[in-house]
Protein chains: 2
Amino acid sequence: MLAEVEKIENFLKQRQIKLTEERKLIIDEMLASQRHFGPEELWEHLRQKGKRVSRATVYRTLELLIEGGLVKKVCLGEHCFRYEHILGRKNHSHMVCLKCGALIEFLDEAIDERQKLLSQQQGFEVLSRCFQIFGYCKNCTQ
Amino acid sequence: MLAEVEKIENFLKQRQIKLTEERKLIIDEMLASQRHFGPEELWEHLRQKGKRVSRATVYRTLELLIEGGLVKKVCLGEHCFRYEHILGRKNHSHMVCLKCGALIEFLDEAIDERQKLLSQQQGFEVLSRCFQIFGYCKNCTQ
DNA sequence: CACTTATTGATAATCGTTCTCATATTGTGA
DNA sequence: TCACAATATGAGAACGATTATCAATAAGTG
Ligand SMILES: [Mn+2]
Ligand SMILES: [Mn+2]
Ligand SMILES: [Zn+2]
Ligand SMILES: [Zn+2]
C-alpha cells in the first residue's frame with residue numbers, strides 16, 4: 001500500500017501535477033475500499049466520512065490516474081462503468097453476473113498469446129483490451 | 001438478403017409483433033447499408049431518403065431485433081455503441097483503431113475454447129461475450 | 001369491415017459525465 | 001518565509017445518448 005501511494009505520488013510529481021488534499025483523499029479511499037467501484041460510490045464514501053470533495057474532482061482525478069496507468073476503467077455492460085487500481089496487478093478480464101452483479105476476474109496466458117498473434121497478423125498495434133463475459137455466476141444458476 | 005428478411009419476419013410473426021412500415025424501413029436500411037452503424041446514423045439515412053420515422057422507433061426496433069438474436073450491439077469505447085446484424089454470421093470480435101475508427105473483425109477457435117473452459121471452471125453460465133482490442137491499425141501506425 | 005391490441009411520434013425526462021468560471025490552493029524560487 | 005504564477009477546486013449548468021410518456025394511429029384477426 002505504501003509502495004502504491006509512493007508510485008502514484010511519483011507519477012504526479014513527474015508531471016506538473018499538484019498533490020492536493022482532495023487528490024490524496026480520493027487516492028486513499030480508492031486504495032482502502034473494495035476493488036471495483038463507481039465514481040458516485042467513492043464520492044459517497046468520502047462524504048460519509050465527512051470528507052467533502054466535488055464530484056467533478058473525483059472524475060477528474062480518476063481520469064488523471066488512468067492517464068498515468070495507475071487505474072483502469074472497466075465497462076460492465078450498457079451504461080455501467082467501474083474503476084479499479086491496477087498497481088502491481090496483472091492485466092485481467094471479468095465475468096459479470098447479470099443477476100447478482102458478481103465479478104469474477106480471470107486471466108489466461110493462452111488467450112493473451114492468441115490475441116497477440118492475431119493483432120500482429122493484422123499489423124495492429126495494441127494499446128488496450130477489453131474482454132467481458134456476461135452471464136450467470138455459480139450461485140445464480142443453482 | 002431475401003433469406004435474411006424472411007428470417008426476421010418469421011421472428012416477428014412468432015411473437016405477437018406487428019410488421020409495420022416503420023420496422024420494414026429500418027430493417028431494409030440496416031441490411032442495405034454498411035455493417036456497423038449507430039442508431040442516429042440509420043435514422044439520418046432514412047430521413048435523407050424521405051423516409052421519416054421517429055428516433056424512438058429506431059431504438060425500439062433495434063432492441064427488438066437484439067432480443068430476437070438478429071442484431072448485436074457492440075461497445076466500441078467509452079460512449080460509443082454500434083449495431084450490426086448477425087444473420088448467418090459467426091460470433092466475432094473487433095479491433096478498433098483509435099485514430100481512423102477502422103474496425104477489424106476477428107474470430108478464433110482457440111480463444112473461444114479457452115474462454116469456454118475458464119467459464120466452466122467457474123461454474124459460470126455464459127450468455128454473451130464482449131471482446132475488443134483498442135489501438136492503431138496498419139495504416140495509422142505507418 | 002369492425003374491433004382489439006400493438007405501435008408510433010413528439011417531446012419530456014433521465015442520468016452519468018463533462019464543462020464553466022470565479023475562487024482557492026499549491027509549489028517555486030527570491 | 002513570502003509572493004506569485006500556475007494549477008486545481010466546487011457548484012451547478014450543460015450535454016448527449018437513450019428511455020419514458022401517452023394520445024393518436026395502424027396492423028391483423030375473423
Ligand atoms: Mn478487476
Ligand atoms: Mn462486426
Ligand atoms: Zn450471480
Ligand atoms: Zn486506423
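Chain letters run A, B, ... following the sequence lines, proteins first and then strands; every chain starts at 1.
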Quick test: give all pairs of protein nitrogen or oxygen and nucleotides 10-18 of chain D nitrogen or oxygen below 3.5 Å, distance rounded to 0.1 Å.
| residue | atom | partner | partner atom | Å |
| --- | --- | --- | --- | --- |
| D:dG10 | OP2 | A:S54 | N | 2.8 |
| D:dG10 | OP2 | A:T57 | OG1 | 2.6 |
| D:dG10 | N7 | A:R60 | NH2 | 2.9 |
| D:dG10 | O6 | A:R60 | NH1 | 3.4 |
| D:dT18 | OP2 | B:Y59 | OH | 2.5 |

In whole angstroms, the gap separating C1' of C:dG16 from CG of A:L42 amounts to 15 Å

Given atom CD of A:E21 and atom P of C:dT25, what is their separation to the nearest angstrom? 11 Å

Any donor-acceptor pair under 3.5 Å from B:W43 side chain to B:V53 backbone: yes

Please round to the nearest 0.5 Å and tell me the distance separating atom NZ of A:K73 and atom OH of A:Y83. 3.5 Å

For C:dA6, does either OP1 or OP2 sit under 4.0 Å from a side-chain N or O belonging to B:T20? no

Any A:L65 side-chain heavy atom under 4.5 Å of A:I27 side chain: yes

Nearest-angstrom distance from the residue atom CD1 of A:I26 to P of D:dT9: 7 Å

Would a distance-only check, ignoring hydrogens and angles, find a side-chain to backbone donor-acceptor pair under 3.5 Å from A:T141 to A:K138? yes

Rounding to an integer number of Å, can you tell me how far A:L64 CG sits from D:dT7 C1'? 12 Å

Can you measure B:L19 atom CG to C:dT7 atom P for me and round it to whole angstrom units? 11 Å

Given atom NZ of B:K18 and atom C1' of D:dA27, what is their separation to the nearest angstrom? 4 Å

CZ on A:R129 to CD on B:Q132, rounded to 0.5 Å: 12.0 Å

Using atom CG of A:L62 as one end and atom P of C:dG16 as the other, report the distance to the nearest whole Å. 15 Å

Rounding to 0.5 Å, atoms CE (B:M30) and NE2 (B:H45) come to a distance of 14.5 Å

Calculate the interatomic distance between B:I17 atom CD1 and C:dT8 atom P; express it in whole Å. 10 Å

